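Single-structure report; data block below.
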Amino acid sequence: MTRTRDQDACPGALTVHQAADGPLARIRLPGGMITATQLTALAQIADQFGSPAMELTSRGNIQIRALTDTAAAAAALADAGLLPSPTHERARNIVASPLSGRSGGDTDVRPLVTSLDTAIQAEPALAELPGRFWFSLDDGRGDVSGIDADAGAHARDDGSYALLLAGRDTGVRLDTGDVVTTLIEVARRFVRIRGNAWRVTELDDHSALLDGLTPTGPSGAHWPPTMKPPVGWIEQRDAQVALGAGVPLGVLQARVAHFLAAIEAPLVITPWRSVLVCDLSEGVADASVRVLAPMGLVFDENSPWLNISACTGSPGCAKSAADVRSDAAAAVQTPSEVHRHFVGCDRACGSPPVGEVLVAAEDGYRLRITPP
């Protein structure tokens, strides 16, 4: 169903959202990948120009709230290499299997992330792509295909990729060299026909997106959503170690970010609001856990923090009826086998595809029945 509002209010690093606590900037990280130097820069921007409580999003991005000087923050982002294209910065929505090339999966999709990001920025028409439209690159393990991105590629064990629309296999098979050009063409067609639609699922008919692409395999396959991040000690195929750190409620304090960056290792922000610290020796990994765990990062795969989430809530959001993060934190003391997402209003921002969505009301919380 097409939205009646044609103004895309999805924030970016330059087009900020005016929240109750001040301007909010969303910094897009294709594939969730970020260097230690860049994370240090974000932590410094949060400390100097905004709230030190940075937010990790379900698309593997980072938000900084309550900005006092948006121009200075944007300049600092550009200096850090986090704003490579002012015209396309909201279109750089790429989620990828976070452990690709390091542990598990059928192939390494990281080169495709880089190529797709470059191609998006090089296509003038995609400057008009809605900020909610996103791409997925799954290395075959099925961890990100289940998030129902608008256009995606899923690696198959025969070396080809399945082309996905809204998370479903179209039956079209792609060689590695055709993945980026095909995804760009799908996005270009979406811009031409979308009208007021922001997502592929809002189109009455998306057959035009596949015009000229011949299915050669079965269509309709859909992957279940992954709900928990990879946490703890993860053996890489090169005998090094990746550390998966859960971030309670997705709030990464700038002080903790500085310590993460001090490890001087490649970092990945995952779609499950967690952080991967990669390519570590066993000694560095062990020392890092000893420092970071007391700061609140979660390395236990059985932690109840991994089964609970929340929107921003009060006081950051004017529409929220409650301080949902505080309520969600209290609810950790009564663990549930079902994922619980606490929200402050019926918009239910950030709701996961499965689990319970609990909406704040005057007399507590009510269970939202209608899927978000």
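Numbers here simply count residues along the sequence, with the first being 1. In this text the structure is predicted, and so the values were computed from the model without any measurement.
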task: Check step by step if side-chain contact (heavy atoms from CB on, under 4.5 Å) holds for Ile263 and Leu292.
output: CA-CA 11 Å; Ile263 303 172; Leu292 296 171; 4.0 Å; yes
- request: List the steps, then state whether salt bridge (charged side-chain N to carboxylate O under 4.0 Å, His left out) holds for Asp346 with Arg366.
  value: CA-CA 10 Å; Asp346 283 317; Arg366 58 177 174 82; 2.4 Å; yes
message: Applying side-chain contact (heavy atoms from CB on, under 4.5 Å) to Trp233 and Glu282, what does each step give before you reach the verdict?
response: CA-CA 9 Å; Trp233 190 281; Glu282 291 190 359; 3.9 Å; yes
- prompt: Can Ser320 and Cys345 be said to form a side-chain contact (heavy atoms from CB on, under 4.5 Å), step by step?
  reply: CA-CA 5 Å; Ser320 179; Cys345 73; 5.9 Å; no
- request: Walk me through it: do Thr37 and Thr35 pass the test side chain to side chain donor-acceptor pair (under 3.5 Å)?
  value: CA-CA 5 Å; Thr37 300; Thr35 67; 4.7 Å; no
task: Begin from the C-alpha positions of Ile45 and Ile64 and carry the test side-chain contact (heavy atoms from CB on, under 4.5 Å) through to its verdict.
output: CA-CA 8 Å; Ile45 292 168; Ile64 300 178; 3.9 Å; yes
task: Mind running side chain to side chain donor-acceptor pair (under 3.5 Å) on Asp205 and Ser207 for me, showing each step along the way?
output: CA-CA 6 Å; Asp205 178 13; Ser207 60; 2.9 Å; yes
message: Test side chain to side chain donor-acceptor pair (under 3.5 Å) on Ser326 and Asp323; report intermediate values, then the result.
response: CA-CA 6 Å; Ser326 293; Asp323 183 352; 2.8 Å; yes
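Follow the hydrophobic side-chain contacts under 4.5 Å out from Ile234 and you never reach Val247; the two are in separate clusters. There is no path of hydrophobic side-chain contacts, each under 4.5 Å, that joins Met54 to Val16. Hydrophobic clustering, with ILVMFWY side chains joined whenever heavy atoms are under 4.5 angstrom apart, groups Met295 together with Val275. Transitive grouping of hydrophobic side chains (ILVMFWY, heavy atoms separated by less than 4.5 Å) keeps Leu252 and Val95 in distinct clusters. Val144 and Leu112 sit in two unconnected hydrophobic clusters of ILVMFWY residues. Membership requires side-chain heavy atoms under 4.5 Å apart, directly or through other members.
Side-chain atoms of Arg90 do not come within 3.5 Å of backbone N or O of Thr15 as any donor-acceptor pair. Judged purely by atom type and a 3.5 angstrom limit, Arg194 has no side-chain atom pairing as donor or acceptor with the backbone of Leu203. Side-chain atoms of Asp150 come within 3.5 Å of backbone atoms of Val200 as a donor-acceptor pair (strictly under, hydrogens ignored). Proximity of a side-chain donor or acceptor of His222 to a complementary backbone N or O of Asp148 within less than 3.5 Å is not detected. Here the side chain of Ser288 pairs a donor or acceptor atom with the backbone of Val284 at under 3.5 angstrom. Ser303 contributes no side-chain N or O that, together with a main-chain N or O of Asp300, makes up a donor-acceptor pair within less than 3.5 Å. Distance alone, capped at 3.5 Å, places no donor-acceptor pair between the Arg273 side chain and the Leu249 backbone. Put simply, the side chain of Asp238 gets close to the backbone of Gln240: a donor and an acceptor are under 3.5 Å apart. In this structure, the side chain of Asp69 engages the main chain of Ala72 through a donor-acceptor pair within 3.5 Å. For Ser274 (side chain) and Thr270 (main-chain N/O), no donor-acceptor pair under 3.5 Å exists by modelled atom type.
Leu129 is listed as a side-chain neighbour of Phe135, based on a closest heavy-atom distance under 4.5 Å. At a threshold of 4.5 Å between non-hydrogen side-chain atoms, the residues Ile27 and Ile34 do not count as touching. At a threshold of 4.5 Å between non-hydrogen side-chain atoms, the residues Ile62 and Leu56 count as touching. Side-chain contact between His339 and Glu356: absent, with no pair of heavy atoms (C-beta onward) separated by less than 4.5 Å. Under the 4.5 Å side-chain criterion, counting only non-hydrogen atoms from C-beta, Leu297 is in contact with Leu260. Inter-residue side-chain proximity for Gln236 and Leu99 is flagged as unmet; no heavy-atom pair is nearer than 4.5 Å. Asp139 places none of its side-chain heavy atoms less than 4.5 Å from the side chain of Asp108. Taking the side chain as every heavy atom from C-beta outward, Leu164 and Thr170 never approach each other to under 4.5 Å.
Counting all heavy atoms, side chain and backbone alike, Cys317 lies closest to Thr312 at N-CG2, 4.4 Å. When all heavy atoms of Ala153 and Tyr161 are compared, the closest pair comes out as CB-CD2, 3.9 Å. The minimum heavy-atom distance linking Arg173 with Ser160 is given by the pair CD-OG, 4.1 Å. Annotation for Thr70 and Pro23: closest pair CG2-CB, 3.8 Å, computed over non-hydrogen atoms. What you find for Glu202 and Asn196 is that their closest heavy atoms are OE1-O, 4.5 Å. Residues Ala155 and Asp106 share a closest heavy-atom pair of O-OD2, 4.1 Å.
A distance of 10.5 Å separates NE2 of His17 from SG of Cys10, quoted to the nearest 0.5 Å. Atom SG of Cys349 is separated from atom NZ of Lys319 by 9.0 Å, given to the nearest 0.5 angstrom. Going from atom CZ of Phe49 over to atom CG of Leu67 covers 9.0 Å, rounded to the nearest 0.5 Å. In this structure, OG1 in Thr107 is found 12.0 Å from CG in Asp157, a value given to the nearest 0.5 Å. With rounding to the nearest 0.5 angstrom, the CH2 atom of Trp134 is 6.5 Å from the CZ atom of Arg199. Rounding to the nearest 0.5 Å gives a distance of 4.0 Å between CD of Glu123 and CZ of Arg188.
Ring planes of His154 and Trp223: parallel class, angle under 30° (limits at 30 and 60°).
Residues Arg26 and Glu89 are not paired through a salt bridge, judged by the lack of any N-O separation under 4.0 Å between the basic side chain and the carboxylate. Glu55 has a carboxylate O that lies under 4.0 Å from a charged side-chain N of Arg65, or vice versa, which qualifies the two as a salt bridge. Using a cutoff of 4.0 Å between basic side-chain nitrogens and carboxylate oxygens, Asp279 and Arg102 are scored as salt-bridged.
The number of heavy-atom neighbours closer than 6.0 Å to CD of Glu235, taken from other residues, nucleotides and ligands shown, is above 12. Within 6.0 Å of CZ on Arg255 lie no more than 12 heavy atoms contributed by other residues, nucleotides or ligands.
His258 and Thr40 share no donor-acceptor pair across their side chains, judged by distance under 3.5 Å alone. Under 3.5 Å, the side chains of Asp143 and Ser97 contain a donor-acceptor pair of N or O atoms. Remark: the Arg340 side chain and the Asn307 side chain contain no N/O donor-acceptor pair separated by less than 3.5 Å.
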